[in-house]
Every structure is written in C-alpha cells, then in structure tokens.
Amino acid sequence: MKTQKSIMIAIAICLFVGMSAFSQEENSNTKKRERPTPEKMFERLDKNNDGKIVKEEVEDRKRMAKGFDKMDANADGGITLEEFKTFFEKMRKNRPQRTEGERPKRDWGNNEGMNGGDQESEE
C-alpha cells in the first residue's frame with residue numbers, strides 16, 4: 001500500500017512537470033515575432049560596414065537587387081541608412097490593410113513599393 005502511494009505520487013509529479021514544460025514551450029512558440037527595425041535590416045545588409053549598401057551586397061536578394069535603383073534616391077550607387085529608412089516609410093504608407101497572419105506579396109522592383117501596380121511578384 002505504501003509502495004502504491006509512492007508510485008502514484010511519482011506519476012503525479014511527472015505529469016505535473018511534463019504539463020508545465022509543454023505549456024511553456026507552447027507559450028514561447030505562440031509569441032509574436034517582432035519585425036526587425038530598418039536600422040537592424042540595414043546593419044545586416046551592409047556587409048562591409050561602410051555605411052552604404054551597394055548592389056554587390058544584395059545581389060543574392062533578387063527582389064531587393066531588382067528595386068535597388070528605386071531605393072538609391074540620389075543615384076550614387078549606394079543606399080545610405082536615410083535612403084533605406086525613407087524607402088521603407090514610403091512602403092509602409094502604401095501597404096494595404098491585411099488580416100492577422102496574412103502575408104503580403106513583395107515586389108521590390110514595383111514603382112508603388114511592395115504592393116501596387118500590375119507587375120507580378122517573384123514569389
């Protein structure tokens with residue numbers, strides 16, 4: 001009888017610990033992922049840390065390379081942080097409202113930013 005009680009207590013403890021760990025894992029997976037700031041994105045894209053993004057640094061990102069000239073406002077061959085932030089602010093203003101979880105189709109080369117015009121996205 002004493003052995004049965006010990007086994008039941010051990011099972012209850014294991015179940016409690018298991019349920020607790022499962023709920024913590026579920027909560028961490030359901031948290032919304034924060035979007036990186038334009039500054040963080042710029043930092044990642046500026047591979048040589050010279051304060052400018054040049055075409056060679058984004059040639060592996062087809063859509064961004066395609067729209068590079070639209071981001072390079074002064075046409076000097078490099079995108080500064082200010083040009084980058086201005087471009088993203090323009091895109092943010094042109095972005096259509098969407099429902100929770102819906103993802104936009106991106107078209108970096110489109111005149112309207114990410115979402116307008118008749119051109120098809122590369123996705």
Could you tell me which non-hydrogen atom of Lys52 sits nearest to which non-hydrogen atom of Gly78, and how far apart they are?
-> CD-CA, 4.2 Å
Can you name the nearest heavy-atom pair linking Thr80 to Phe42, along with the distance?
-> C-CE1, 3.5 Å
Shared hydrophobic cluster for Val54 and Leu45 (ILVMFWY, side-chain gaps under 4.5 Å) | no
Reported NZ-to-CD1 distance for the pair Lys55 and Ile79, which is rounded to 0.5 angstrom = 9.0 Å
Locate the shortest heavy-atom distance separating Glu57 from Asp46; write the atom from each residue and the value.
-> OE2-OD1, 3.4 Å
For Ala65 and Val58 the tightest heavy-atom approach is CB-O, 3.7 Å
For Glu83 and Met71 the tightest heavy-atom approach is CB-O, 3.5 Å
Applying side-chain hydrogen bond (donor to acceptor under 3.5 Å, both in side chains) to Glu43 and not counting sequence neighbours gives none
Kindly compute the distance separating CG (Asp72) from CZ (Phe84), expressed to the nearest 0.5 Å.
-> 13.0 Å
Could you grab the distance from atom CE of Met91 to atom NZ of Lys70, nearest 0.5 Å is fine?
-> 13.0 Å
Nearest 0.5 Å, what's the CD-CG distance between Glu89 and Asn94?
-> 10.0 Å
Salt-bridge contact Glu39-Lys85 (side-chain N to carboxylate O under 4.0 Å) | yes
